[in-house]
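Note that ligands are numbered from 1 as they come in the structure, with each ligand's atoms numbered from 1 the same way.
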Amino acid sequence: MLTRPDVAIVGAGPVGLAIAWRCASRGLRVTVHDPAPGSGASHVAAGMLSPVAEAYFGEHALTGLLAESATRWPRFAADLADAAGADVGYRADGTLVVGLTADDLAEARRLWSYQQGLGLPITPLRPSELRDREPALAPRVRGGAVAPGDHQVDPRRLVPALRAAAERAGAVLRPDRVGPLSEVDAGVTVVAAGCGAAALTGLPVRPVKGQVLRLRAPGRGAPDFRHVIRGYADGESIYLVPRDGGEVVVGATVEERADTEVTAGGVLRLLRAAVDLVPELAEYDLVEAMAGLRPGTPDNAPIIGPLPGRPGVLVATGHHRHGIVLTPVTADLVTELIVTGEPDPLLAPFTPDRFGKEPTWN
Ligand SMILES: Cc1cc2nc3c(=O)[nH]c(=O)nc-3n(C[C@H](O)[C@H](O)[C@H](O)COP(=O)(O)OP(=O)(O)OC[C@H]3O[C@@H](n4cnc5c(N)ncnc54)[C@H](O)[C@@H]3O)c2cc1C
């Protein structure tokens, strides 16, 4: 029977489990509380590790954190494979960003210029170079670029591996939903509950719905393309993520809604854009249609650090579209903060106290 834990973690998604693994590996007594581990956004997520393709105007600090975490991923995946005895589907084939029409390409180019201006690795390709890399792309696709450092992992393999690694390191999972934080008795409580963090902390985390499809190549073969393909197709922005086992993840809608219904319109938009970009996908089996809720924040960046006015409570939530890529850096920074008491300077732009400080008009 575990005595009072040093660290109690609320939420067994990728973020909470990675923190549990890292803390338990440092010799801390850890409990993780979740009635349904791995049932949050990660169950739906595509698993793109995209610091470059996800570098948007006005999100400079977030881009820096994404890039930092992406550099940690190869080592993190290897350590995790050792610790859990399981492979997490980390693949480094790179990402192609493509535009279907001239308008789509113009929109994509605007973003590449910005990303190149930041010094990020993205290189425009001639149409022939694009097709040499991925002959499965539709002849209509007007142009594209390659982001060789944007990789992928399979979140449905990642979460069980993190759980196994955490438990092997001594963390104890408890199947309970945490109500008020005052019910948790531990040295430090870490709220890593994804969208559930809003009710527990009062922080501005909101659900952002995303519908995703899973297709399967016929005959159990691998898909005919290796890169992650992110496309602009007649104004739709979608991605296609091929996996070794034959699966292709097609995502995702972005909706300011809190339900997880799959709609005919959502499926139609995703399939139309997917088949416009890679026509052979029309022959694939449609095996799953699902919606999940990203833990969004007002500035699209995660919330990591001490909860103001609540000594002994840390927060690691609000990872929005980036919780998979940000798992390694979040776990490392939170663990260091717990072990040393000193926040890493990388955390400064992401602490919970940044909210409520916005200037007013008068
Ligand atoms: C459609 C879609 C596509 C995505 N694609 C990508 C991608 O390609 N790359 C990427 O990096 N990210 C992606 N994401 C984002 C990513 O899935 C999330 O940012 C990530 O899952 C957040 O991890 P988390 O552990 O914080 O939360 P979650 O994965 O949501 O897990 C939260 C856990 O907390 C538990 N919980 C909640 N409340 C309580 C409570 N009161 N008590 C106990 N437990 C509680 C839940 O049961 C759940 O298990 C995508 C998300 C969606 C929806």
**OP:** Could you pull out all residues at least two apart from His322 that satisfy side-chain contact (heavy atoms from CB on, under 4.5 Å)?
**Re:** Glu54, Leu62, Leu66, Val325, Leu326
**OP:** Identify, for atom 27 (O) of ligand 1, the protein heavy atom at the shortest distance, and state residue, atom and that distance.
**Re:** Gly194 CA, 3.6 Å
Original post:
If we only count N/O pairs under 3.5 Å, is Pro295 in contact with ligand 1?
Top reply: no
Original post:
For ligand 1, is there an N or O atom under 3.5 Å from any N or O atom of Gly210?
Top reply: no
Original post:
Any chain of hydrophobic side-chain contacts (each under 4.5 Å) joining Val32 to Leu314?
Top reply: yes
Original post:
Val10: heavy atom below 4.0 Å from ligand 1, yes or no?
Top reply: yes
**OP:** Answer with yes or no whether the hydrophobic clustering places Val52 together with Leu125; edges join I, L, V, M, F, W, Y residues whose side-chain heavy atoms lie under 4.5 Å apart.
**Re:** no
**OP:** Give the numbers and elements of all ligand 1 atoms closer than 4.0 Å to a heavy atom of Val212.
**Re:** 1 (C)
Original post:
Going by the order shown, which atoms of ligand 1 are within less than 4.0 Å of some heavy atom of Gly11?
Top reply: 34 (O), 35 (C), 44 (N)
**OP:** Inspect the contact between Arg174 and Asp176 and indicate whether a charged nitrogen and a carboxylate oxygen are less than 4.0 angstrom apart.
**Re:** no
Original post:
Can you check whether Val178 has an N/O within less than 3.5 Å of an N/O in ligand 1?
Top reply: yes
Original post:
Which pairs with one or both residues in residues 100-125 pass ring pair (Phe, Tyr, Trp, His ring centres under 6.0 Å), sequence neighbours excluded?
Top reply: Phe57-Tyr114
Original post:
Do NZ/NE/NH1/NH2 and the carboxylate oxygens of Arg216 and Asp285 come within less than 4.0 Å?
Top reply: no
Subject >> His319 and ligand 1 - part of the residue with a heavy-atom distance under 4.0 Å >> reply: both
**OP:** Would you check the N or O atoms of Arg294, main chain and side chain alike, for any that come under 3.5 Å of an N or O of ligand 1?
**Re:** no
Original post:
Going by atom types only, do Thr189 and Arg310 share a side-chain donor-acceptor pair under 3.5 Å?
Top reply: no
Original post:
Going by distance only, is there an N or O of Ala45 that falls short of 3.5 Å from an N or O of ligand 1?
Top reply: no
Subject >> Distance-only side-chain donor-acceptor flag, Asp104 / Thr101, under 3.5 Å >> reply: yes
Original post:
Out of curiosity, does Leu270 fall in the hydrophobic cluster containing Val248 (side-chain heavy atoms, cut-off under 4.5 Å, transitive links)?
Top reply: yes
Subject >> Leu347 with Val188, same ILVMFWY side-chain cluster at under 4.5 Å >> reply: yes
**OP:** May I ask you to list the atoms of ligand 1 that are less than 4.0 angstrom from any heavy atom of Ala36?
**Re:** 47 (O), 49 (O)
Subject >> Proximity flag Gly179 to ligand 1, non-hydrogen atoms under 4.0 Å >> reply: no
**OP:** Taking only heavy atoms of Gly323 into account, list the atoms of ligand 1 that are under 4.0 Å away from them.
**Re:** 10 (C), 11 (O), 12 (N), 15 (C), 16 (C), 18 (C), 19 (O), 20 (C)
Subject >> Top protein contact for atom 45 (C) of ligand 1, by heavy-atom distance >> reply: Ala193 CB, 4.1 Å
Original post:
With the 4.5 Å side-chain cut-off for hydrophobic clustering, are Val334 and Leu346 part of the same group?
Top reply: yes
Subject >> Those atoms of ligand 1 less than 4.0 Å from some heavy atom in Ala41 >> reply: 17 (O), 18 (C), 21 (O), 28 (P), 29 (O), 30 (O)
**OP:** State, without any angle test, whether Glu255 and Thr253 hold a side-chain donor-acceptor pair at a distance under 3.5 Å.
**Re:** yes
**OP:** Report the member of Ser42, Ala12, Ala46 with the shortest heavy-atom distance to atom 5 (N) of ligand 1.
**Re:** Ala46
Original post:
Does an N or O from Met48, backbone or side chain, lie closer than 3.5 Å to an N or O of ligand 1?
Top reply: yes
Original post:
Going by the atom numbers of ligand 1, which of them fall below 4.0 Å from some non-hydrogen atom of Ser39?
Top reply: 47 (O), 49 (O)
Original post:
So, the side chain of Arg133 versus the backbone of Arg226: is there a donor-acceptor pair under 3.5 Å, distance only?
Top reply: no
**OP:** Report the nearest protein non-hydrogen atom to atom 49 (O) of ligand 1: residue, atom name, distance rounded to 0.1 Å.
**Re:** Asp34 OD2, 2.6 Å
Subject >> Nitrogen or oxygen atoms of Pro37 and ligand 1 under 3.5 Å apart >> reply: no
Subject >> Identity and distance of the protein heavy atom lying nearest atom 10 (C) of ligand 1 >> reply: Arg321 O, 3.1 Å
Subject >> Residues, nucleotides or ligands: over 12 heavy atoms within 6.0 Å of Arg72 CZ >> reply: yes
Original post:
Should we count CZ of Arg157 as having more than 12 external heavy atoms under 6.0 Å?
Top reply: yes
Original post:
Which ligand 1 atoms does Pro35 reach within 4.0 Å, using its non-hydrogen atoms?
Top reply: 43 (C), 44 (N)
**OP:** Report yes if some N/O of His320 lies less than 3.5 Å from some N/O of ligand 1; otherwise report no.
**Re:** yes
Original post:
For ligand 1, does Lys209 get within less than 4.0 Å through its side chain, its backbone, both, or neither, judged by non-hydrogen atoms?
Top reply: neither
Original post:
Below 3.5 angstrom, do we get any N/O pair linking Thr317 and ligand 1?
Top reply: no
Original post:
With only distance considered, is Cys195 within less than 3.5 Å of ligand 1 through an N or O on each side?
Top reply: no
Original post:
Salt-bridged, Asp299 to Arg354, with N to O below 4.0 Å?
Top reply: yes
Subject >> ligand 1 atoms in contact with Gly196 (distance to a heavy atom under 4.0 Å) >> reply: 38 (N)
**OP:** Return the residue, atom name and 0.1 Å-rounded distance of the protein heavy atom closest to atom 40 (C) of ligand 1.
**Re:** Arg177 NH1, 3.7 Å
